[in-house]
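Predicted model only: the values in this text are computed from it and were never measured.
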Amino acid sequence: MSNDDAAVKESRQVLRLVHEHLSQAHLNLGAKQEHAGLVDLIYHPTSKLAHLNYVMPRKNTAWIPAHEVEFGLKMLRQKERVARVVYVEGLFLPLFAKTLRELGLSMEQETSIMVYKLDDLSKIGAIRPASIPEGITIQNVDDQEGVGMWWYVRQNAFYDVLTRSVEPIYIGNDLRAVTLGQQQDILLYRHGFPAGVARLTLHKETAHLTTLAVMREFRTPEITRMLLHAALRAAAERKCTLVFTSGDAEADRRLYREVGFVDYGSLVCYAESIDHVREDSRDLAQPVFALY
């Protein structure tokens, strides 16, 4: 096997793990899954949030004919959801996007996927800081304190959200997820004041840095880097071998790359055009906190 072939195989393995994690995370948030031929239907019984209502290719399918996709979209429409297909680019040939466009769908969103591999244990030492500046404390929390912090961020316009995920935060399901070992919050305090917060969701040996927010007044590359390092350490302590995330802005992605994240493609969403206002989490029943 050539080096190029090995790299492609390794990339696809990583992307499959990312896809499996996201699919399970959406089910953990209350979405349901139905098989529809060569596609799966993911839908939420009460929420119309885009991230929880879509058609995706079945696992281990190499190619999906247009009529199979259309069948899944029809089932989604019957549930009064917008026709939408989500898939991980890199697991399917570019021709699949052409099939979706021919079905009348257009690209709605493309979310970058960045990966930090923790399978090399020597890396763990590299993410342990030699020292933490005076006045800075970092805590891994798995109780009501983390839940309360996300309420605070949601209501406070003074926080910059660097990571906008395809896995929304449902405030209210938090403690259940903590009990089941499905998530971890990391809080950064500056002189006792909450300056930053990050959330990991956990599935088997993968961790998803779903959201990272830093108070604007305190936001510096150093503070952000410390919070990222803390999230990686928390994932390592949970025996994860892979951490993935996404970044909206190129400046944020550059910082992630400096920390050690590597670009691994994107999660792509195609949807039919709609005349009414696009679904927005803020119009849904609380307590939904979706960042996108």
Side-chain angles (χ1 to χ4, degrees), residues 15-61 64-89 91-92 96-97 99-101 103-111 113 164-174 176-177 180 182-183 201 203 206 208 210-211 246 266-292:
L15 291 175
R16 287 192 187 99
L17 290 174
V18 170
H19 183 244
E20 179 184 340
H21 185 120
L22 290 174
S23 299
Q24 184 59 50
H26 292 163
L27 297 180
N28 292 344
L29 291 173
K32 307 297 181 183
Q33 181 174 2
E34 292 183 10
H35 296 317
L38 293 180
V39 301
D40 281 337
L41 185 70
I42 304 295
Y43 70 95
H44 196 283
T46 58
S47 170
K48 292 187 177 181
L49 189 66
H51 295 324
L52 301 178
N53 297 275
Y54 56 88
V55 168
M56 69 175 180
R58 290 283 300 276
K59 185 178 179 180
N60 297 325
T61 51
I64 302 175
H67 70 272
E68 292 277 356
V69 179
E70 182 59 39
F71 178 62
L73 294 175
K74 180 179 179 181
M75 291 181 61
L76 198 59
R77 292 187 187 100
Q78 288 174 346
K79 297 181 182 299
E80 299 182 347
R81 302 294 188 261
V82 173
R84 181 177 282 112
V85 176
V86 174
Y87 67 99
V88 175
E89 192 177 46
L91 293 180
F92 291 87
F96 186 56
T99 298
L100 299 180
R101 290 193 294 270
L103 288 173
L105 308 183
S106 57
M107 184 179 288
E108 181 181 51
Q109 185 177 11
E110 183 173 9
T111 305
I113 296 172
R164 297 179 178 273
S165 174
V166 293
E167 186 183 338
I169 292 177
Y170 260 72
I171 303 174
N173 282 2
D174 306 66
R176 177 179 181 274
L180 295 175
Q182 296 170 350
Q183 74 181 36
T201 61
H203 175 62
T206 62
H208 181 196
T210 67
T211 316
S246 60
S266 58
L267 188 76
V268 180
C269 175
Y270 277 79
E272 65 182 354
S273 299
I274 51 177
D275 297 329
H276 53 81
V277 178
R278 182 175 180 268
E279 307 103 314
D280 190 299
S281 63
R282 293 167 180 78
D283 295 331
L284 300 176
Q286 294 297 331
V288 179
F289 182 24
L291 299 169
Y292 68 101

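Expressed to the nearest 0.5 Å, how far CD1 of Ile64 lies from CE of Met56 amounts to 10.0 Å. The distance from atom CD of Gln33 to atom OG of Ser23, rounded to the nearest 0.5 Å, is 7.0 Å. Here the straight-line distance linking atom CG of Asn28 with atom NE2 of His21 works out to 8.5 Å at 0.5 Å rounding. With values rounded to the nearest 0.5 angstrom, His208 atom NE2 is found 6.0 Å from Thr201 atom OG1. Here the CG atom belonging to Leu41 is positioned 13.5 Å from the NZ atom belonging to Lys74, to the nearest 0.5 angstrom.
Contact between Leu76 and Ile42 at its shortest, heavy atoms only, is CD1-O, 4.2 Å. Among all heavy-atom pairs drawn from Ser106 and Ser273, the shortest one is OG-OG, 4.3 Å. Taking all atoms of both residues into account, the shortest heavy-atom contact from Ser266 to Glu110 is OG-OE2, 2.8 Å. Scanning all heavy atoms of the two residues, the minimum distance from Ala83 to Leu105 falls at O-CD2, 4.2 Å. Of all the heavy atoms in Phe71 and Gly37, the pair that sits closest is CE2-N, 4.5 Å. Ala31 and Leu27 make their closest contact through O-CD2, 3.4 Å (heavy atoms, listed as atom of the first residue, atom of the second, distance).
Side-chain atoms of Thr111 and Cys269, non-hydrogen and from C-beta on, never get closer than 4.5 Å to each other. Taking 4.5 Å as the limit, every side-chain heavy atom of Val82 sits out of range of all side-chain heavy atoms of Asn53. Proximity of Glu34 to Tyr43: side-chain heavy atoms (C-beta onward) are separated by under 4.5 Å at one or more points. The closest side-chain heavy-atom distance from Lys79 to Lys32 is not below 4.5 Å. Under the 4.5 Å side-chain criterion, counting only non-hydrogen atoms from C-beta, Thr61 is in contact with Phe92. Looking at Glu20 and Gln24, their side chains never come closer than 4.5 Å, going by heavy atoms from C-beta outward. Using a 4.5 Å cut-off on side-chain heavy atoms (C-beta onward), Val85 and Leu73 make contact.
Within a 6.0 Å radius of CD in Gln78, other residues, nucleotides and ligands contribute more than 12 heavy atoms.
Of the N and O atoms on the side chains of Thr46 and His44, at least one donor lies less than 3.5 Å from an acceptor on the other residue.
The only option from Arg84, Gln109, Arg101 that meets the side-chain contact (heavy atoms from CB on, under 4.5 Å) definition with Tyr270 turns out to be Arg101.
By the 4.0 Å N-to-carboxylate-O rule, Arg58 lies too far from Glu68 to be salt-bridged with it.
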**Steps toward side-chain contact (heavy atoms from CB on, under 4.5 Å) verdict (Met75, Val55)** = CA-CA 9 Å; Met75 291 181 61; Val55 168; over 6 Å; no
